[in-house]
Amino acid sequence: MNEELRAELMQMDDYDQAVRAELAADGSLFDGYHPRMAAVHDANAARLRAIIAAHGWPTEHLVGTDGAKAAHRIAQHSINHPEFMRECRRLLDEASARGEVPRWQFAYMDDRIRVFEGLPQRYGTQWRGG
């Protein structure tokens, strides 16, 4: 396992969650896509793209269960980069078919993209509010 890469992915995800919590606490998270949140997501997407180019999808074998989960959440939050999200969906589909990440990661990514595209979900993972 690549401990350094695992730690980096987890740090990226932890920072995302810390900014999210801070913005939620003051209420500004819910006033559209907050610029600070977008900046975190954009930076994380760029770094995840570089990690994928160097190592392939961050599988559980490569970065551990928690590192793979962090990579998945980073990909989920890459909403300013729809083509990158689609690439991550493809990679998650392949990795989960090989048993290298849990299949639920592909399902969540697929449903998230479908919701953004105005299509019905396949797996029912996304809350639609209302």
Side-chain angles (χ1 to χ4, degrees):
M1 177 169 34
N2 186 325
E3 287 290 343
E4 185 177 320
L5 191 55
R6 174 186 167 270
E8 181 180 4
L9 287 164
M10 292 180 63
Q11 182 179 25
M12 291 163 60
D13 185 41
D14 287 347
Y15 184 63
D16 177 308
Q17 295 305 299
V19 171
R20 178 176 305 283
E22 179 185 330
L23 298 175
D26 72 16
S28 64
L29 181 66
F30 311 108
D31 295 329
Y33 193 24
H34 196 285
R36 277 190 62 210
M37 197 80 265
V40 171
H41 292 163
D42 291 346
N44 282 353
R47 181 59 187 134
L48 181 58
R49 187 185 309 263
I51 289 168
I52 291 168
H55 301 278
W57 184 260
T59 63
E60 291 185 349
H61 179 75
L62 179 64
V63 295
T65 301
D66 47 4
K69 189 175 179 180
H72 171 259
R73 185 155 41 191
I74 291 163
Q76 285 270 326
H77 291 174
S78 299
I79 63 176
N80 279 339
H81 309 277
E83 290 304 319
F84 178 59
M85 288 182 75
R86 288 184 194 97
E87 176 65 9
C88 290
R89 173 177 58 187
R90 182 185 67 76
L91 294 169
L92 282 164
D93 189 22
E94 293 170 0
S96 65
R98 293 188 304 266
E100 297 172 339
V101 296
R103 189 69 177 162
W104 64 262
Q105 291 184 2
F106 166 76
Y108 271 82
M109 182 63 79
D110 188 63
D111 276 355
R112 186 170 188 97
I113 291 168
R114 292 177 68 82
V115 166
F116 287 151
E117 293 175 344
L119 300 170
Q121 297 178 50
R122 287 192 178 120
Y123 304 99
T125 64
Q126 304 295 305
W127 180 75
R128 292 293 293 184

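These figures come from a predicted structure and were not determined experimentally. All heavy atoms count here, side chains included; hydrogens, waters and symmetry mates do not.
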inquiry  = Set out, in order, the CA-CA distance, both residues' side-chain angles and the distance that settles salt bridge (charged side-chain N to carboxylate O under 4.0 Å, His left out) for D93 and R103, then state yes or no.
reply    = CA-CA 8 Å; D93 189 22; R103 189 69 177 162; 2.6 Å; yes

ask   = Of the non-hydrogen atoms in L48 and A71, which two are nearest, and what is the gap between them?
value = CD2-O, 3.7 Å

inquiry  = Quick one, I113 with L119, criterion side chain to side chain contact (heavy atoms under 4.5 Å, CB included). Give me CA distance, side-chain angles, the key distance, then yes/no.
reply    = CA-CA 9 Å; I113 291 168; L119 300 170; over 6 Å; no

query = Going hydrophobic residue to hydrophobic residue with side-chain gaps under 4.5 angstrom, can you get from W104 over to V63?
reply = no

ask   = Can any side-chain N or O of D111 pair as donor or acceptor with the backbone N or O of R122 at less than 3.5 Å?
value = yes

key: Interatomic distance, D13 atom CG to N44 atom CG [nearest 0.5 angstrom]   = 8.0 Å

ask   = If you take all heavy atoms of N80 and A38, which pair is closest and at what distance?
value = ND2-CB, 3.9 Å

inquiry  = So Y123 and F106, do their side chains get closer than 4.5 Å, heavy atoms only?
reply    = yes

Nearest heavy-atom neighbours spanning Q76 and I79 = O-CG2, 3.7 Å

inquiry  = How long is the straight-line distance from CD of E117 back to CZ of R86, given to the nearest 0.5 Å?
reply    = 4.5 Å

query = Among E3, M1, E8, whose side-chain contact (heavy atoms from CB on, under 4.5 Å) with L5 holds?
reply = E8

key: Shared hydrophobic cluster for F84 and W57 (ILVMFWY, side-chain gaps under 4.5 Å)   = yes

key: Candidate pair E87 and H81, rule side chain to side chain contact (heavy atoms under 4.5 Å, CB included), full reasoning   = CA-CA 10 Å; E87 176 65 9; H81 309 277; over 6 Å; no

task = Tell me whether M10 is reachable from L62 by hopping between hydrophobic residues (I, L, V, M, F, W, Y) whose side-chain heavy atoms are closer than 4.5 Å.
result = no

query = Is the closest side-chain heavy-atom distance between V40 and M37 below 4.5 Å?
reply = yes

ask   = Do you know which two heavy atoms are closest between T59 and A68, and how far apart they sit?
value = C-CB, 4.0 Å

remark   = Minimal heavy-atom distance between L29 and A24, with the atoms involved, is CB-N, 3.7 Å

key: In one Ile/Leu/Val/Met/Phe/Trp/Tyr side-chain cluster, 4.5 Å: Y108, L91   = no

ask   = Would C88 and I52 satisfy side chain to side chain contact (heavy atoms under 4.5 Å, CB included), going step by step from the backbone distance to the final call?
value = CA-CA 9 Å; C88 290; I52 291 168; 4.2 Å; yes

query = What heavy-atom pair brings R114 and P120 nearest, and what distance separates the two atoms?
reply = NE-O, 2.6 Å

key: Residue of the set M85, M12, R112 for which side-chain contact (heavy atoms from CB on, under 4.5 Å) holds with H77   = R112

task = Decide yes or no for P102 and K69: does some side-chain heavy atom of the first lie under 4.5 Å from some side-chain heavy atom of the second?
result = no

Distance (rounded to the nearest 0.5 Å) between D66 CG and R6 CZ = 4.0 Å

query = Can you list the steps and then say if M109 with R89 is a side chain to side chain contact (heavy atoms under 4.5 Å, CB included)?
reply = CA-CA 6 Å; M109 182 63 79; R89 173 177 58 187; 3.7 Å; yes

